[in-house]
Amino acid sequence: MSLFLIVALPFLGALLPGLMNSAGRSACAGVTFTVSLAAFVGLLTNLPSVLAGEVVVARVDWMPALGLNFTLMLDSLGFFFALLILGIGLLIIAYARNYLSRADNMGEFFTYLLLFQGAMVGIVLSDNILLLLVFWELTSLSSFLLIGFWKHLPEGRQGARMALTVTGMGGLSMIAGMLILGQIVGSYDLSVILQNRALIQADALYVPALVLILLGCFAKSAQFPFHFWLPHAMAAPTPVSAYLHSATMVKAGIFLMARMWPVLSGTPEWFVIVTTAGLITMVLGAVIALFKHDLKALLAFSTVSHLGLITMLLGTGTAFGAMAAVFHILNHATFKAALFMSAGIIDHGAHTRDIRRLGGLRKLMPVTFVIASLAALSMAGIPLLNGFLSKEMMLEETYATVLFGTPWLVPALATFGSIFSAAYCFRLIGHVFFGPVRDDYPATPHDPNPGLWLPPAILVVLVVVIGLAPFVAEPFVKLVTTSVLGDAATIPDAHFKIWHGLVPALYMSIIAVVGGLIMLVVFTPALRIWDRMPRPEAKEIFDKIVESTVKLTQAVMLPLHNGAFSRYTAIGTMTIFVAGFYAWATGTVGAPTRVAQAAGPVEIAGWLMLVAATAGMVLLHRNRLLSLVLIGIVGLMVSIGFVFFSAPDLAMTQFTVEVVTIILMLLALNFLPNTTPIESTVLRRTRDSAIAVMGGLATFALAYYYLLRDAKGVPISEFHLANAYKGGGGNNVVNVILVDFRGFDTYGEIIVLGIAALLIYALTEALLSGPVRARLLNRKPDQPRAGDTHPMMMVVLTRVIMPVVLIVGFYIFLRGHNEPGGGFIAGLIVSIAVVMQYMASGFVWTSARLRYPYHGVIGAGVLIAGFTGMGSWFFGKPFLTSDFTYVRIPPFEKFELATAALFDLGVFLAVLGAVMLSLESFSRLARRAHMEDSEHPMDIDPSRDDTQLDTPDTAKEGV
Amino acid sequence: MELLVASAIGILTAGGLYLVLRLRTFPVILGVSLLTYAVNVFLFASGRLTVGAPPILQDGVTTYADPVPQALVLTAIVISFGMTAVVVMISLGAFLGSDDDHVDDQSDETTGTPS
C-alpha cells in the first residue's frame, strides 16, 4: 500500500466514528478498528521491502519553493514505530470499546484517537522535517483533545492544558532548531540531512540547533525538567494513557532523537546533555514513582523513568547503546501498555486506583493478577521476561560510560535508579494483589470480560515470548538499529542472551532486585521519611510561571488594549497615515503623464450631490433613518459614476446591492434606537474631524496623483482584452474575467458570501434560542405601525411584476457573457424580486411557498460551481479550465454553449441564497417581536368574510 | 474630472472615518459603508478614468476601459454586502443582548476593573 494512504487512512477514517455514533457503540468502535486495521495491513504490505533493507519512498512536491514537500519514507526505524503505533492502536481501540461507559461520547473519542494516530504515523514516516513538524504539532493538539476528553473533570482540563503548553513550547523550539538544521544543510529532506553529519557538526550553529531540537524532544518525551506534565496527563481515560503515554506520543521525542542520531550524536555536547538529562529523569522518576499511591501516577512516573533510561542510552552515542535503546523501546511499549490497561481494569472493577485501598486482589481478579504481575516483573527486570534483557544491556552500557570524568557515576546512579524501579514494581504487585482480601473496596473487584483483558494479555504474551526466546526479536531489533545508526556506526555483533556469564551487569541486576525487595520491606518507614521531606511541587511551580506570564502580558496589553474600539480605529488610522506619509515623503514624485479630462456641468452636479449627501450624513448622523436615506443617495451617485466611467456591470451590481443593503439596514434599525445621543466632547469631535480630514486629504492626494499618471508597466488588462473572446468565448471582458480568467477567485468569493450568510443565520438562531428571545417577544414597537401592513395594491403589484423581474433576471444572466450582466447581478435582481414578495405579502405567506431552503440554494450554487470546475479534470486540465462551443439547432441561430455559463449559474444561486438567507434571518427576528402574522397575503381582503376570526389560529409562533 | 473623482474619494473617506470614530454601532456601520464606497471607487479608479468605452468587445473598437479593476470591484461590492450584513447582525445581537449599542467596552466604567 502506498505510504500516502497509510498516513491518510487514519485522518480520513476520523470522519467515520462521528458519523457512526448513532449506529451504536460497537459500530463506532468497529469502523475505527477497521480503519486502523487497514492502515496496519497496508503497513505490513511494505514489510518485505523493509526486511530487504530498502527504503520505501513516496513523494509529492507541495511547496517546492519553501523546501516543503510531502515526502514520506519508510525505513526499518519508521516501520518499527509505525508498527507500534498501529498495532498497539488496534489493541487500544478494542480495549476502549469496553472501557468507555455509555455516558462517554464514543464517536468523539475515536475521532480524536484516529487523528492522533494519523499524526503519529505521519511523524514516523515523514522524510521532510517541515512536514514532520506539522505532524508533530498535530500530535500535541490531538493529545490535548484526548487528555481533556473528560471535560467535566477539572484535572482533565488542567492536565490537557499543561501538556499542550509544555509540548507546544517544545514544538516551537523544535521548529527553530529544525529550521537552523535545514539552513545548514540546504535541504529540508531528512534523507539529505542524514548524509551530512560532518557538515552539520562542523557548523557554528550546531550547538544552538542541537539544544533547540533536544528541548522539543525532552518536552515531548517528558525528560527532566519537563517531566511533570506526564503524570498530570493521567487524568485522561486509561486507554489514552496506555496509548499516548506509554507506547506512542511520549516516544515521539525518543523517535526523533533516534532519527537524528546519525547526524547529531557523538559530540561531547550531545553526550553530556542527553546522558545527563536521561540519567536524572530515570533516577528521579523511579524514586517518585515508588511513593505514589495512585496506580496510574505510579505508572506515569515509571514511564518517565523508563523514557529517561532510553534517552540516556541514546545519549551515550555508542552503537551498543542505540541497540539497547531500540530493544527497550519495544519491551517498554509491550509491558507498560499492558500495565496501564491492567490499571484501567482494576479501576473499573474496584472503582479506585489508590494502592492504599487495594490489596488481596490476587484471589478476586486472577486473570488481571497474572497479566499485571508478568508485566510488572518484566519491568522490574526479572529474568525470562523481556524487560530483563534490555535492562541488562542498559546496565552493561552504563558500566562503560564515563560522565564528567567519573567512571563510577553513571553505573552507580543507574543501579540506584534500578533499585527503586524494581521496588515500585514489587510494590505494585505486593500492595495491590497480595495481602489479605479486604472488605472495604468501593466496589467488589472482579475480572472483566475478555474484551478488556485480552488486549493486555496479547501484549503479555509478547513479553514472555521475547523474554524466553530473545533470538526471535534480535534480527528485527538489529535491523531497526541499522537505520538508527545510519552511516555513523556499524551494528554491534553482540547477541541477545539471557545468560551472559558473570559480568558486572549481572551483579548490578542482582543488586537492583535485592535492593528493590529490601525497599519494599522498609516501605512504610521510607514513606514516612519521604512524606516529611520538603519537595518542590511541579504543578505549583508551573501554575506560578503561567500566572506570572499572564500578569506580565496583561500589564503590557491592557493599557494598550482597553476595549475602546474607537480608540483603536484612531490609532490605526494615524499609523496608516504616518506610514503612508513617510513613503510619500521619501519616494520620488514624477511629472503627470496624462491630461486631465474636462468636466461638464452634469458631472459637477453629480459630484455635488454625492458631496452633499456625504456631508449630510456626517452632520445629521444622529437621525439614523435620515442618514440611511442619505447613504442611499451616495450609493446611487456612485452607481451613476460607474455608468459614466464605462463600467456598466459595476453600476448594475452597485445599484442592486444598494437596494438589498438598505432593506437590511432598515430591518436592523427596526430594533435599534432611532437616534444617536450626543456623548463625545467637543474636543473629541474636533480630534476625530482632524483625523478624518487628514485621512480624506491623503486618499485624495493618492488618487489624484495616480489618476494623472500612467501605469509603470504594461497592465495585465491587455492580456485579458486580447484573450477574452479567443480564450473565454465572451465579449464582456469583466464577466469573462469573473467566470473564467479569475474563476478561482470568484469561487472563493461565493463561498465567503455563503459562509457570511450562514453566520448570520447561526447568529439569529443563537439570539432566538437565548434570553434575547423573551425580550423580543415582549418588545413594543416604538413607532406606530401601519394600519394595513400588507396593502392589496402592493400585493397585486409585486405579484404582477414578479414574472417580469424573473424574466429580466434570466435575461441578464444569459447575456452576461457578452453584454453587461451575469450571475452576480442576476442573483441580486432575483433576490430583490423575492424580497418584494416578503415585503408585500408577509413572511408566513411567502415562506409557505418556498420550496427550497436558502441554505440548500447556497450549497447548490457552490457545488455546481465546484463540479463545473472539477469537470475539467476529466479532460486532464487543471481545475476550472473552461471550454465553449457553438451550437446550432435549426431553426434558431447559432448560439454559444460555455462551461463558464454553468459556473455562472453556481454564482447566481450562491448569491441568491446568501442574500435571501441574510435578509430572511433578520426578518425572523422581527417576526417574533410582534406576532401579528397572517398566512394571508393581504390584511384586508374583501373576498374573506371575517379577517378577525382567522387571526388567532394562524398567528402561531415559529417558522 | 480626475479632480472630481479624487476629491469624491477623499470626501467619502473623510466622512467614513469620522463616522467610524463615533461611539455607537449604527454610525460606525454607516461609516464603514462609506469607506467601502471610497475603497471601491479608489480601486476602480486605479484603471484610470475612461468615458464611453465599456469593456465589451466590439469589432473595430480598440479603446476599452480597464476590465481588471472592474472585475475585482464587482466581487468586492457583493462581498462587502455580506460583511456589512454580518456586522449589522453582530451589532444587533449585542444590542438586543445588553440593551447597549456602544462600540467601546463599557466594563471599565461600570466595574472599575478590566475584564
Side-chain angles (χ1 to χ4, degrees), chain A residues 558 563-566 569-570 596-597 599 607 610-611 614 617-618 621 624 627 631 638 645-650 653-654 657 661 664 668 671-672 676 679-680 688 692-693 695-696 699-700 703-704 707-708 717 720-721 725 731-734 737-738 749 752-753 756 759-760 763 767 772 824 918, chain B residues 1-2 4 6-15 17-21 23-24 26-27 30 33 37 41-42 45 48-57 64-68 70-71 73-75 77-79 81-86 88-89 92-93 95-97 101 103-105 108 114:
Chain A
L558 283 181
F565 173 79
S566 51
T569 324
Q597 301 166 53
W607 179 84
L610 180 83
V611 172
T614 314
M617 276 185 70
V618 171
H621 75 268
R624 293 181 171 182
S627 54
I631 202 169
V638 169
F645 291 112
S646 319
D649 287 281
L650 279 191
T653 315
Q654 182 72 67
V657 163
T661 311
L664 180 103
F671 301 97
L672 292 169
T676 308
E679 283 176 317
S680 45
D688 293 348
V693 168
T699 44
F700 161 70
Y704 192 59
L707 278 175
L708 287 181
S717 328
H720 290 117
L721 285 168
Y725 189 74
N731 283 325
N732 181 359
V733 187
V734 174
I737 292 176
L738 283 176
E749 271 149 15
V752 171
L753 196 62
L759 179 61
I760 291 168
L763 284 168
L767 281 180
V772 171
F824 275 110
S918 318
Chain B
M1 206 118 73
E2 275 76 4
L4 289 185
S7 58
I9 294 172
I11 289 164
L12 285 172
T13 312
L17 281 178
Y18 182 77
L19 289 180
V20 163
L21 292 168
L23 298 175
R24 301 291 179 131
F26 198 74
L30 289 183
S33 300
Y37 291 127
V41 176
F42 186 89
R48 310 305 186 271
L49 303 179
T50 321
V51 180
I56 313 290
L57 298 177
Y64 295 106
D66 194 337
V68 178
Q70 294 194 14
V73 171
L74 198 154
T75 50
I77 293 172
V78 180
I79 292 278
F81 163 74
M83 293 304 126
T84 308
V86 170
V88 170
M89 188 71 228
L92 189 57
F95 174 71
L96 292 174
D101 64 342
V103 289
D104 290 354
D105 192 357
D108 287 18

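Numbered from 1 within each chain, the chains take letters A, B, ... in sequence-line order. The figures here come from the full heavy-atom set of this structure, side chains too, leaving out hydrogens, waters and symmetry mates.
For chain A, the option among Ser7(B), Gly82(B), Gly52(B), Ser33(B) with the highest count of heavy-atom pairs below 4.5 Å is Ser7(B). Annotation: maximal heavy-atom pairing with chain B below 4.5 Å, among Ile737(A), Val611(A), Asp649(A), occurs at Ile737(A). Contact count versus chain B (heavy atoms, under 4.5 Å) is highest, among Asp688(A), Val734(A), Thr653(A), Val733(A), for Asp688(A). For the set Ile79(B), Val73(B), Leu21(B), Leu12(B), the entry with the most heavy-atom pairs within less than 4.5 Å of chain A is Leu21(B). Counting heavy-atom pairs closer than 4.5 Å to chain B, the top-ranked of the candidates Val693(A), Leu672(A), Leu708(A) is Leu672(A). When the candidates Leu74(B), Asp101(B), Val88(B) are compared by the number of heavy-atom contacts under 4.5 Å with chain A, Leu74(B) comes out ahead. Your options are Leu92(B), Leu49(B), Val103(B), Val41(B), and the one with the most heavy-atom pairs under 4.5 Å with chain A is Leu49(B). Your options are Gly93(B), Ala65(B), Ala85(B), and the one with the most heavy-atom pairs under 4.5 Å with chain A is Ala85(B). Interface check for chain A: of the options Val20(B), Leu57(B), Asp66(B), Leu17(B), the most heavy-atom pairs under 4.5 Å are formed by Leu57(B).
In this structure, chain A has a heavy atom under 4.5 Å from the side chain of Leu19(B), while its backbone stays farther away. Proximity to chain A involves both the backbone and the side chain of Phe42(B), based on heavy atoms less than 4.5 angstrom apart. Only the side chain of Leu610(A) comes within contact range of chain B, with at least one heavy atom under 4.5 Å from a heavy atom of that chain. Interface residue Leu767(A): only side-chain heavy atoms are found under 4.5 Å from chain B. The contact between Phe824(A) and chain B is made entirely by side chain atoms (from C-beta outward), counting heavy-atom distances below 4.5 Å. Looking at Thr614(A), the atoms closer than 4.5 Å to chain B (heavy atoms on both sides) all sit in the side chain, from C-beta outward. Heavy atoms of Leu759(A) lying under 4.5 Å from chain B belong exclusively to its side chain.
Residue Leu4(B) holds its CG atom at 10.0 Å from OH of Tyr704(A), rounded to the nearest 0.5 Å. In this structure, CD on Gln70(B) lies 13.0 Å from NE2 on His720(A), to the nearest 0.5 angstrom. In this structure, CZ in Phe26(B) is found 5.5 Å from OG in Ser627(A), a value given to the nearest 0.5 Å. Here CD1 of Ile9(B) is found 10.0 Å from CZ of Phe700(A). Values are rounded to the nearest 0.5 Å. We find the CD-CG distance between Glu749(A) and Leu738(A) to be 8.0 Å, quoted to the nearest 0.5 Å.
Between His621(A) and Leu30(B), every side-chain heavy-atom pair lies at or beyond the 4.5 Å cut-off.
Between Tyr64(B) and Ile56(B), the shortest heavy-atom contact is CE2-O, 3.3 Å. Closest approach of Phe671(A) and Phe95(B) over heavy atoms only: O-CE2, 3.1 Å.
The backbone N or O of Thr50(B) sits less than 3.5 Å from a side-chain atom of Ser646(A), completing a donor-acceptor pair. With Gln597(A) contributing its side chain and Glu2(B) its backbone, the two residues share no donor-acceptor pair below 3.5 Å.
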